[in-house]
Structures are given as C-alpha cells and as structure tokens.
Number of protein chains: 2
Amino acid sequence: MTTLTIGKVAQRAGVGIETVRFYERRGLIDEPPRGPSGYRHYPESVVLRLLFVRRAKDLGFTLNEIKELLSLRLDPQTTCADVKQRAETKIADIEEKMRSLRRMKQSLVQLTKSCSGNGPANDCPILESLDSLEQKP
Amino acid sequence: MTTLTIGKVAQRAGVGIETVRFYERRGLIDEPPRGPSGYRHYPESVVLRLLFVRRAKDLGFTLNEIKELLSLRLDPQTTCADVKQRAETKIADIEEKMRSLRRMKQSLVQLTKSCSGNGPANDCPILESLDSLEQKP
DNA sequence: CTACCACCTGTACCATACTACGGAGTCAAG
DNA sequence: CTTGACTCCGTAGTATGGTACAGGTGGTAG
C-alpha cells in the first residue's frame, strides 16, 4: 500500500502543508503513522477527507462544524436525520445572514439616494444620517 | 463646559469602557484631554461619535472603513461624491456576500432534498455528496 | 478617615482560519 | 558524498473586534 508524504497530500488536496498540520491539530484529520524519521505517512484517503473539508467549508460550515459532521459519520447511533438537521440549521444561519445583509443594503441604498453627489463632504446627507439615525434600519 | 468620564461616555453610547479605549487606540475617537490624575475628560460630542461608529458598523462597515469615513469629513478636499462612492462600494460588497450565501444555500437545499432523513448516517446522501462533489456550487 | 467604586496601564486572551519562521534532521538524485 | 528539496516541531504573527485581567491610583460618600 502506497503512502503519501504531507507535501503530496497537500498538493493533491489543493491546500498548504501548514494547513494539513493545522487540520490535524484541530482533529479534522487523523494523526497518520510515522516513519522512523518522524515523517507522516498518509493513506490516500486523507486526500478525500481534505476535499470533504474544503467542500463543507465552501458551504459555509466552520471547522468545528465540519469536525462534528465527520464524527457523525463514525457514530453508529447517528442517523441520516441528524445530518439533515445540521444542514437545515446551516440553511437557517445563512438565511439570517442574508436578511441582515438585506437590511444593511436597503439602508445604504436609501442613503445614496439621498445624496446628490455634489458639494463638500461635511454637508453630505450620508454622513449626516450616520450622525442622527435613530432607529436601526 | 461639562466633560464626561469614560464610564459615562460608554454608558451613554451603549458600549463598554474597554471598547472606548480600544476605539481610541484604533484612531476612531480622539485622545481626550486628561485631568491631573490621568483620567480622560471627554466632551459630549464623543458620544455622538461613538453612535456614528455603531451605526456605520450596523451598516456593515469595518472599523478601518469607519475611520476612513470619519477622516473624509475632516478633509475639505473631499466631496460628497467621495462619500457616496464609499457607500456604493459597500453596497457592491454586500451584494457579493449575498450572492455567495445564495449559492451556499442552494447547494444545501439540494442536499437536504436528496436526504429522506431515514437510515444511518454513513449512508446519508448529504455526507456522500460532500465526499464526491466535483464542481463548486 | 476609610471604604468602595471608577479609573489608569499593559498585557493577555476569545474565536476564526490560517500562514510564517527558525533551526534541525531526512531523503533522493547526481 | 554533497546538495537541495522536503519534513519535523514549536512558536508567533495575520486580520477582526473586542473582552478580561492584574496591580495600582483617584475621587467621593458616609
């Protein structure tokens, strides 16, 4: 069975070497066996694991959440519904963030509409609004 | 002219004392004059400044951006259009974040649809997809 | 006059996700 | 056998926006 050095693993997974070690410390990948020199010898499967992490990260999961996701897989007690629950919670998180951004944007759009773009900055209605806004947008 | 201690300022602006000092270090508020004891003596206006910072933060500006916004006001060269430009850039940032979140959400929704919620976690289509997704959502 | 609270400085710490660096040991090619 | 690339470990730094001490002084109410 072939094993990979940390450099090969990092290259194949498209991450940095330091990142691989960092993920090991964070418990996202298993500590691999070492050769007599202390070099890490990885099975091929660690590349898949790293790709899993990258994809989950792209979906907005934090490293801690990804760790949980990975441990769900190992626990025979865990059901598919548990996993689905995580995904749904994450969807709700994302929706909340989007609502927040939408509110910010609406306020900013209002402010830019109020500003003709002429005149000196100290008369700018945008800055004036920031001085006197009462309620949260 | 009345002055305020840091505690009063923090209380009126609805932030922590440490936050006021932190903003001073970050250059968001001026270093106030000190009494013989070394106590900070703030003018009332600093409360307005802190409220400005809070509102701008609510609109999604970072502390560095807020610092720039504040300095724009002081520079007589700056025009209203410069301020408007900042706001528009921030709107574009927000829109980009929203697009990113929308993509994440769509992928997650797809995944949850593929999962019936029955069965053990190691057969979960969500986890399987994370193992084998090829393209970014 | 003595509590007791507010304030001072500086430093360290929280979470998040890495990235960089120094100094030493290892492996493979030429 | 030497050279250069690779790896090891531990620590520290990046950015973001604060929060939490410790240890010491100031101000004021009773």
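Chain letters run A, B, ... following the sequence lines, proteins first and then strands; every chain starts at 1.
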[X] vs [N]: side-chain N/O to OP1/OP2 distance below 4.0 Å:
| X | N | answer |
| --- | --- | --- |
| Y23(A) | dA17(C) | no |
| N64(A) | dA15(C) | no |
| K57(B) | dG18(D) | yes |

Take atom [atom1] of [X] and atom [atom2] of [N], then tell me their distance rounded to the nearest Å.
| X | N | atom1 | atom2 | value |
| --- | --- | --- | --- | --- |
| F61(B) | dA15(D) | CZ | C1' | 19 Å |
| E65(B) | dG17(D) | CD | P | 8 Å |
| L63(B) | dA15(D) | CG | C1' | 11 Å |
| R26(B) | dA15(D) | CZ | C1' | 9 Å |

From C-beta outward on [X], which listed nucleotide comes closest to its side chain: [options]?
| X | options | answer |
| --- | --- | --- |
| I17(A) | dA17(C), dG17(D), dT7(D) | dT7(D) |
| T5(A) | dC18(C), dT7(D), dC27(C) | dT7(D) |
| S37(A) | dC27(C), dC18(C), dG18(D) | dC27(C) |
| Y39(A) | dA20(D), dG25(C), dA17(C) | dG25(C) |
| E18(B) | dT19(D), dG26(D), dG18(D) | dT19(D) |

- Item | Quiz item: cation-pi between R49(B) and Y42(B), 6.0 Å / 45° |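 Negative - R49(B) is either too far from the ring of Y42(B) or too far off its axis.
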- Check: E96(A) main-chain N/O paired with S100(A) side-chain donor or acceptor under 3.5 Å: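 Checking the backbone N and O of E96(A) against the side chain of S100(A), no donor-acceptor pair under 3.5 Å is found.
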- Look at the side chain of D82(A) and the backbone N and O of T79(A), then say whether any donor-acceptor pair between them is shorter than 3.5 Å.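 Answer holds: yes.
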- Task: Indicate, with a heavy-atom threshold strictly under 4.0 Å, whether R21(B) touches base, sugar-phosphate, or nothing.
- Result: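 Since a base atom lies under 4.0 Å of R21(B), the category is base.
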